[in-house]
Amino acid sequence: MQNNARSLLLSRTGSFRAEALGQTALHLVGNLCFALFVVGVLAFTIIAATYRPDEPLLLPSSPAASYSKLTAFFTSSTNATFRSDDTPLRTGEDFLNSSTTSSSASPDDPDAIHLADLSDSKSSSSSSAAASADCDDTQPINCADPEVFHLMMRATIESFPDVHFYRFGKPVRGGDGSGSCDMAWRFRPKDAKRAGFYKDYRRFEVARSNCSYSILKIGEYHTGINARKKKKKPKDGRDPSGEFVPKNKHTLQGSDPLVVPEVGEAVNDSLPVIESESKFSDGRYLIYSGGGDRCKSMNHYLWSFLCALGEAQYLNRTLVMDLTICLSSKYSSTNQDEEGKDFRFYFDFEHLRDSTSVLDQRQFWNDWTLWQKKDKLSLHLVEDFRVTPMKLITVKDTLIMRKFGAVEPDNYWYRVCEGETESEVPRPWHLIWKSRRLMDIVSGIASKLNWDFDSVHLVRGEKARNTELWPNLATDTSPEALMSTLRERIDDRRHLYIATDEPDTSFFDPLKEKYTTYFLDDYKDMWNENSEWYEETKKLNNGIPVEFDGYMRSVVDTEVFLRGKKQLETFNDLTSDCKDGINTCRTNN
Ligand SMILES: *[C@@H]1O[C@H](CO)[C@@H](O)[C@H](O)[C@H]1NC(C)=O
Ligand SMILES: *[C@@H]1O[C@H](CO)[C@@H](O)[C@H](O)[C@H]1NC(C)=O
Ligand SMILES: *[C@@H]1O[C@H](CO)[C@@H](O)[C@H](O)[C@H]1NC(C)=O
Ligand SMILES: *[C@@H]1O[C@H](CO)[C@@H](O)[C@H](O)[C@H]1NC(C)=O
Ligand SMILES: *[C@@H]1O[C@H](CO)[C@@H](O)[C@H](O)[C@H]1NC(C)=O
């Protein structure tokens, strides 16, 4: 499995790139340069002004080790200009593998709720049978009846054999009909490789005759909206609302020192506020201002943002951040850079806000204007990135502001973290998770596929057309070649999720002979006008609908791919071409 993961990882750079959106030949030259650099053909470095770091994804192992490796990885050739890939970067939660958060992630996880656990506790509900004497089939169904609850849990466990369940919420009445109940549960796929849980809530059609209940139907993903309740954070880690957690199980909450994502839980990513003048005036702040990072790739953004965040943590200061993001043209449908995006469209601000001290700059400047004079708040301006965080430790001023000029690349934020700072100020990767709203789409797609599908990632686009650098790619990813490769690896009639940059998915029609194929766009209803995602992002965006952009697509496509039971990558698995062009394959490829 390690090897598998490794080869997958190795082949990811250069994949999922938005070729369809128009890559420049320059980029390819850049890739080639990096490749040459890697194989040690240093004579060619005249043209290799830049290089592209590989993806940090290469690095499994423990979270802490991963984060530092991740940083070390990027900075191993510090003086080269950071160049990012268009592939969504691995973020903090990707380094929390499931074995670090549970006693077991094996197919028989002892913490999961199994059918046997239900019969154990059934005795407690048998008293309801006594009521059968006066039961009346014409009465509406009481969803809170323990017998109904058990029946619903049983039906759920039986219907989703590839999922492990950890909690069931008490059912509530669903809709208007007297025959439906909504129930929520916490789960994760049986062979989860990543830490974290998912939440689903569905509507059940329940029937009763002769005082015995039966489940007629379980609704689709997230249909049980009445059971979707806001996450409460009880102080003692217990939930009083009558959830079903067998006594002998760990709850995987209170006892768990690691914070893990819970996809599907209601998101509360409201901006933090400072309650009082004295709190504000006693605070210490760091802000980065200006610079050439704006509208660059998302990986560049993160790389720079995490440098600022790392410095703030190092200095024990609140980072004053700009939550607006400029989306690079490479991910936009207009092929123009687009201002006015929100950090929260892409990343989990709730996790960030709850894990460290950050403040939105609008709120900050409001408060600053109000109290700066009165409380004699002072500002320390730093205009040279070569002033290291270590030199700022003794600064007492309320606000440290780093200003960045107009000349690239010296005006990139991440330059602050180069050189000797590298070893002193680590980037806090664990604070950045992907947006849970996007991950909820991933969970929805995987759930619709019953968490039982194989996946293949097909890179075509410009690379397939460039036969000089990728001589075999086009033929190796043609439907005919695919058919013969897949035949050996993936069983007939399997559900096959195809993550690809090929815009015309009918190209893959021949595969339908053997497999049931699915593409991202088959799940448009997960982000169209009637979706939860649409509603929530619109609310976040002051009532203006948010476009499901190229970066989001890429994140979701990648993450669904990574949840396939068998995953086949283009490079390594389907073609012997190297992902960065001819002769760039590494020895461990
Ligand atoms: C998960 O993390 C542990 C250490 O925390 C490591 O030994 C193991 O190899 C990791 N598994 C994967 C699949 O990365
Ligand atoms: C980066 O450049 C500086 C000076 O230009 C040099 O002292 C340092 O060793 C270089 N670092 C690396 C990792 O090459
Ligand atoms: C209900 O019970 C009666 C008598 O016990 C029986 O005749 C009838 O078939 C039962 N109906 C159903 C739907 O089970
Ligand atoms: C969201 O979180 C903030 C900060 O934790 C809290 O003050 C606020 O009440 C929460 N809002 C809702 C609707 O739960
Ligand atoms: C960080 O700041 C807080 C309050 O501003 C202070 O209580 C704490 O001692 C500081 N910690 C360090 C390590 O400087």
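No hydrogens, no waters, no symmetry mates; every other heavy atom, side chains included, goes into these values. When a ligand or atom number is given, it counts from 1 through the structure's own listing order.
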- Message: Using a 4.0 Å cut-off to any heavy atom of Ser270, which atoms of ligand 4 qualify?
- Response: 1 (C), 2 (O), 3 (C)
- Any idea how Trp185 and Phe168 line up, ring-wise: parallel (<30°), tilted (30 to 60°), or perpendicular (>60°)? tilted
- Is there any N or O on Asn268 that sits under 3.5 Å from an N or O of ligand 4? yes
- Note on the structure: Residue set satisfying ring-ring contact (aromatic ring centres under 6.0 Å, His included) with Phe453, at least two apart, ordered chain then number -> none
- Nearest-option assignment for atom 5 (O) of ligand 4, heavy atoms, candidates Arg353, Glu350, Glu275: Arg353
- Item | Ring center gap for Trp368 and Tyr285 short of 6.0 angstrom | no
- Query: Sequence neighbours excluded, which residues qualify as side chain to side chain contact (heavy atoms under 4.5 Å, CB included) partners of Lys217?
  - Reply: Glu205
